[in-house]
Amino acid sequence: MTSKKRILLVDDSTTTLFMEEMILKGHYELDRAVNGEEAVEKALTQPPDLVLLDLVMPGMDGFEVCRRLRREEATKDVPVIMVTTRGEEQNVERGYAAGCTDYVTKPINTLEIKTKVRTYLGEGSGV
Amino acid sequence: MAKGDQRHGAYVQRVHQDTQRYIRNLLADNERLRNLYESLEASRDLLDDERRRLERRVADLGEELDRLRRDNRRLTDEFERIEQENARFSSQYVEVEQRNSDLANLYVATYRLHGTLDRREVLQAIQEIVINLVGSEEFAVFETDDQGQRLELVASFGVDEERYRSLPLDGNGIGEIAARGEVFVASRDGGENGSAGAEPLTAVIPLHLDGRVTGAIAIFSLLPQKGSLSGLDDELFDVLATQAAAAVYCTRLPTRHTHGS
């Protein structure tokens, strides 16, 4: 029996984390981090298969989290999907420059998140 | 005379022999032709049988072709029916998925509002709901003062706090709208061009409890990618109007209980 893919959810908003868990639970193994430092620590300790990453967080923001993940061998190829309220082109470009793979904008759209996750974790993920 | 008779006799004999030979040849030809005729008759019978067999085969193939055409029409009709059903199911699936998503939003909003009795966390939950579920980064959250005559700013995001620090409940703009007690959406309920007078408002959600307005949430603009408000937003506003008011009220209960004891 194949094990579930693992997703690290990173956001300082409890509401967003709760919503993402509602959307993805049952199909993936989920872990959460409420700030950038915790996200980097968890990702390096147990590399996930995908990261959903809020960009604007107090302390270490999502851009820095992504840069750090890209510097490490264990996480340099992990898909990182930006979750951001700021869908302007310059912010998206900045995210890509930091090493993000894709992005979704808030407000949270269930179908969009499911589709993006399935794109990077492949078929057979159960979503 | 005798020599003449001899010559005549020989001639007659020769003619007789020739005639007999001719007759034998004719009989032989006749026999050969008779055999040939019989052979051709037999061949004709075989060809007739083969023709009849092929005619039967053609008739059978014709029936088979008709049957296959009928099957093809039936399968084509069935395929079109299944395609239509598939399209209907796909549409229903999308509707159900959307409704599930909407319900998840409402559940999360309600859970967050009532998941704590800490006032700061309840106000934080209200802000997160507006930012992450509704899609706005310019809003203000008010509570009525003890006299119920003013709206006091208790939380905000992306707006000038001093401008909205304290507003009369029955005054113009936000206060007037909140006092009506009904959710206001500028694009639906506003004046000309969907505006709300001088205020750059998108929506005002009065918070009410026991028939009284206890506060309000004023949303000034939506995130650029949001576009416009939807049916889900109306439902979120209804949740905020009632549940947020109750959640904020409940944060005061431990204090009231302590003070009253």
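Values below: all heavy atoms of this structure, side chains included; hydrogens, waters and symmetry mates excluded. Everything numeric in this text was worked out from a predicted model, so none of it was measured.
By the neighbour-count criterion of 12 heavy atoms within 6.0 Å, atom OH of A:Y120 is densely surrounded, having more than that number from other residues, nucleotides or ligands. Annotation: A:E112, atom CD; neighbour count of heavy atoms from other residues, nucleotides and ligands within 6.0 Å is above 12. Residue A:Y103 qualifies as open at atom OH: its count of foreign heavy atoms under 6.0 Å is 12 or below. Other residues, nucleotides and ligands contribute over 12 non-hydrogen atoms within 6.0 Å of the CZ atom of B:R165. Summarising the local packing, CZ of B:R120 is surrounded by 12 or fewer heavy atoms from other residues, nucleotides or ligands at distances under 6.0 Å. In this structure, B:N72 places its CG atom where more than 12 heavy-atom neighbours from other residues, nucleotides or ligands lie under 6.0 Å away.
A:D12 and B:E128 make their closest contact through O-OE2, 4.0 Å (heavy atoms, listed as atom of the first residue, atom of the second, distance). Counting all heavy atoms, side chain and backbone alike, B:G135 lies closest to A:P107 at CA-CD, 3.8 Å.
The backbone N or O of A:T85 sits nowhere less than 3.5 Å from a side-chain atom of B:E137 that would complete a donor-acceptor pair. At distances below 3.5 Å, not a single donor-acceptor pair connects side-chain atoms of B:Q225 with backbone N or O atoms of A:T105.
Heavy atoms closer than 4.5 Å to chain B are found nowhere in A:D54, neither backbone nor side chain.
Within the 4.5 Å cutoff, the side chain of B:N132 has heavy atoms near those of the A:S13 side chain. Inter-residue side-chain proximity for B:N105 and A:M19 is flagged as met; some heavy-atom pair is nearer than 4.5 Å. Annotation: side chain of B:V108 is in contact with side chain of A:T15 (closest heavy-atom distance under 4.5 Å).
Contact tally against chain A (heavy-atom pairs below 4.5 Å) for B:L223, B:V94, B:V134, B:I129: the top residue is B:L223.
In this structure, CD1 on A:I108 lies 10.0 Å from OG on B:S101, to the nearest 0.5 angstrom.
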Pair B:E97, A:K114 - check side chain to side chain contact (heavy atoms under 4.5 Å, CB included), show working. CA-CA 11 Å; B:E97 275 288 299; A:K114 281 184 176 179; 2.9 Å; yes

